Student: 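Take this structure first; my questions come after.
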Amino acid sequence: MGHIDKGTRAYIFDYGGTLDTGGCHWGKVLWHAYEAEGAPVAEQAFRDAYVYAERTLGKNPIIQSNYTFRQTLAAKIKIEMEWLEQNGIAGLLAGYHQRVLDRVYAQTQHHTAHSREVLRQLYGHSPMVLVSNFYGNIATVLAEFGLDGLFDSIVESAVVGVRKPDPRIFTLGVEALGLPADAVTVVGDSIDKDILPARNAGCQTVWIRGEQWTDAPVDESVPDRIISDISELI
């Protein structure tokens, strides 16, 4: 599976799906919550709603810079459920909104607490930058989960105008560290959005292998290292 070169001097971390779900794709996290709460929705219908909500949030300034993650998550689930109802794909879902929200938020608190402990151990030994496709409120979200102050710089897509999988967003992270790209290791959950563009930017890569959005085979030779838990970085 490869290994990290001893020349690694700094880290770039992805946020969503990496620090807040333990490597599990956000679509799967939400689907499992719908399932667990018994929401009357088929998986394919949910998947369509999830994609619709992500595109809606990406194109419209719905999420404000002061929105907490709980508010962001509530808005995301609301859009999904309204789309399902309006398209006649599911029955009345209003009663499930709070239950799905509470379940997923509790899981997010658990995963971010674990990530926080690992990052605190890395802090002071290796400079760290966050590179994330997010809505403009990542600073609020980091503070919410006690992850603020751990990163030397934050590169957020909504702020810099570049989104993964464009390698330039990782180049911005490397520039913020002031190091050669090959001395920087990128840690992320997505081969397509994190590992491949980071490699194209000249960085080393660590893939957190969790539950993927699809069952399509993954080329595990792409990342320099594969881990199943962020604590393996210590």
Side-chain angles (χ1 to χ4, degrees), residues 2-23 25-26 54 58 63 65 69 72 111-112 114-116 118-210 222-227 229-234:
H3 64 281
I4 293 302
D5 188 272
K6 292 182 179 179
T8 296
R9 292 164 57 191
Y11 288 99
I12 289 176
F13 285 93
D14 167 52
Y15 180 72
T18 297
L19 300 181
D20 59 358
T21 73
H25 189 283
W26 258 107
E54 291 303 302
I63 306 302
S65 62
F69 183 71
T72 303
H111 285 297
T112 51
H114 177 56
S115 294
R116 183 172 66 242
V118 173
L119 292 174
R120 282 177 175 171
Q121 291 183 62
L122 289 173
Y123 184 75
H125 297 283
S126 302
M128 297 184 292
V129 165
L130 191 75
V131 172
S132 176
N133 281 357
F134 221 75
Y135 309 106
N137 62 325
I138 192 68
T140 301
V141 171
L142 292 176
E144 180 180 3
F145 294 123
L147 297 169
D148 51 325
L150 293 171
F151 299 101
D152 295 81
S153 185
I154 296 168
V155 181
E156 184 177 10
S157 61
V159 175
V160 300
V162 182
R163 287 180 62 83
K164 303 172 189 178
D166 190 328
R168 290 179 299 164
I169 195 167
F170 288 105
T171 298
L172 291 173
V174 170
E175 290 172 352
L177 287 163
L179 293 168
D182 60 4
V184 178
T185 295
V186 172
V187 182
D189 69 297
S190 172
I191 293 290
D192 293 335
K193 291 185 177 179
D194 298 317
I195 305 306
L196 283 170
R199 190 177 71 171
N200 289 337
C203 301
Q204 298 180 68
T205 58
V206 174
W207 178 44
I208 298 184
R209 179 172 49 198
V222 174
D224 294 297
R225 183 182 174 195
I226 300 173
I227 61 177
D229 190 283
I230 192 173
S231 62
E232 293 175 56
L233 294 175
I234 302 299

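Quick caveat, the model's predicted, so the values are computed rather than measured.
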Student: Testing the basics here: between Thr205 and Ala198, what is the closest heavy-atom pair and its distance to 0.1 Å?
Tutor: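 Smallest interatomic distance, heavy atoms only, reads CG2-CB, 3.9 Å.
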Student: Any chance the side chains of Asp189 and Thr18 put a donor and an acceptor closer than 3.5 Å?
Tutor: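 Asp189 vs Thr18: donor-acceptor pair found between side chains.
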Student: So, taking the atom named CG in Leu122 and the one named CG in Leu233, what distance separates them when rounded to the nearest 0.5 Å?
Tutor: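 Between atom CG of Leu122 and atom CG of Leu233 there are 6.0 Å.
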Student: Using the six-membered ring wherever Trp is involved, compare the ring planes of Phe151 and Phe13 and label them parallel, tilted or perpendicular (cut-offs 30° and 60°).
Tutor: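 Rings of Phe151 and Phe13: perpendicular, over 60°.
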Student: Leu142 vs Tyr15, test: side-chain contact (heavy atoms from CB on, under 4.5 Å). Steps then yes/no.
Tutor: CA-CA 9 Å; Leu142 292 176; Tyr15 180 72; 4.1 Å; yes
Student: For Ile234, is there any backbone N or O sitting under 3.5 Å from a side-chain donor or acceptor partner on Gln121?
Tutor: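 No.
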Student: Who pairs with Lys193 by side chain to side chain contact (heavy atoms under 4.5 Å, CB included), at least two apart in sequence or on another chain?
Tutor: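 Per chain and number, Lys193 pairs via side chain to side chain contact (heavy atoms under 4.5 Å, CB included) with Lys164, Ser190.
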Student: To the nearest 0.5 Å, how far apart are CZ in Arg199 and CD1 in Ile195?
Tutor: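 Between atom CZ of Arg199 and atom CD1 of Ile195 there are 10.0 Å.
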Student: Backbone N or O of Met128 within a donor-acceptor pair of the Asp152 side chain at under 3.5 Å?
Tutor: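 Checked: pair present.
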Student: Whether the side chain of Ser115 engages the backbone of His111 through a donor-acceptor N/O pair (distance < 3.5 Å, no angle test) should be reported.
Tutor: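 Yes: the side chain of Ser115 pairs with the backbone of His111.
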Student: Under 6.0 Å from the CZ atom of Phe145, do we count more than 12 heavy atoms belonging to anything else shown?
Tutor: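 It does: Phe145 CZ has more than 12 such atoms within range.
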Student: Less than 4.5 Å apart, side chain to side chain, heavy atoms only: is that true for Cys203 and Val174?
Tutor: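 SC-SC contact between Cys203 and Val174 confirmed.
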Student: Of the non-hydrogen atoms in Pro197 and Ile191, which two are nearest, and what is the gap between them?
Tutor: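 That closest heavy-atom pairing would be CD-O, 4.1 Å.
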Student: Closest heavy-atom contact between Glu156 and Asn137?
Tutor: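 In this case the closest contact between Glu156 and Asn137 is OE2-N, 3.1 Å.
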Student: Out of Leu119, Val184, Thr185, Val186, which residue meets the side-chain contact (heavy atoms from CB on, under 4.5 Å) rule with Tyr11?
Tutor: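 Going through Leu119, Val184, Thr185, Val186 one by one, the side-chain contact (heavy atoms from CB on, under 4.5 Å) with Tyr11 is satisfied by Thr185 alone.
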Student: Quick one: CD1 on Ile138 to CG on Asn133, what's the gap to the nearest 0.5 Å?
Tutor: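 Those atoms lie 10.5 Å apart.
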Student: CG of Leu172 to OG of Ser157: how many Å apart, nearest 0.5 Å?
Tutor: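 It is 11.5 Å, given to the nearest 0.5 Å.
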Student: For the residue pair Ala158 and Gly136, what are the closest heavy atoms and their distance?
Tutor: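 Distance-wise, the nearest heavy atoms are CB-N, 3.5 Å.
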Student: Kindly determine whether Val155 and Phe170 satisfy side-chain contact (heavy atoms from CB on, under 4.5 Å), including the steps that lead there.
Tutor: CA-CA 8 Å; Val155 181; Phe170 288 105; over 6 Å; no
Student: What's the separation between atom CG in Leu147 and atom CG in Leu130, rounded to the nearest 0.5 Å?
Tutor: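 Answer for the CG-CG pair, Leu147 versus Leu130, is 8.5 Å.
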Student: Looking at Val206, is its backbone amide N or carbonyl O close enough to the side chain of Asp224 to form a donor-acceptor pair, meaning the two atoms are under 3.5 Å apart?
Tutor: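 Flag not set: sc Asp224 to bb Val206 has no pair under 3.5 Å.
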Student: Under 3.5 Å, side chain of Ser153 to main-chain N/O of Val129, donor-acceptor pair present?
Tutor: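 No, the answer is negative, given that no donor and acceptor are paired below the 3.5 Å cut-off.
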Student: Could you report the tightest heavy-atom contact between Ile230 and Ile227, atom names first, then the distance?
Tutor: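 Closest pair (atom of Ile230, atom of Ile227, distance): CA-CD1, 4.1 Å.
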Student: Check whether any side-chain heavy atom of Arg9 lies under 4.5 Å from a side-chain heavy atom of Pro180, and answer yes or no.
Tutor: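 Side-chain contact under 4.5 Å: yes.
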Student: Taking side chain to side chain donor-acceptor pair (under 3.5 Å) as the test, write out the residues that go with Glu232, two or more places apart.
Tutor: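 Expected list: Ser228.
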Student: Can you establish whether the number of heavy atoms outside Arg168 located under 6.0 Å from its atom CZ is more than 12?
Tutor: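 Counting other residues, nucleotides and ligands, CZ of Arg168 stays at 12 neighbours or fewer.
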Student: Which pair of heavy atoms, one from Ala10 and one from Ser126, lies closest together, and at what distance?
Tutor: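 That closest heavy-atom pairing would be CA-CB, 4.4 Å.
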Student: To the nearest 0.5 Å, tell me how far Ile226 CD1 sits from Arg209 CZ.
Tutor: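 Rounded to the nearest 0.5 Å, the CD1-CZ separation comes out at 5.0 Å.
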Student: Please step through side-chain contact (heavy atoms from CB on, under 4.5 Å) for the pair Val187 and Ile208, ending with a clear verdict.
Tutor: CA-CA 7 Å; Val187 182; Ile208 298 184; 3.9 Å; yes
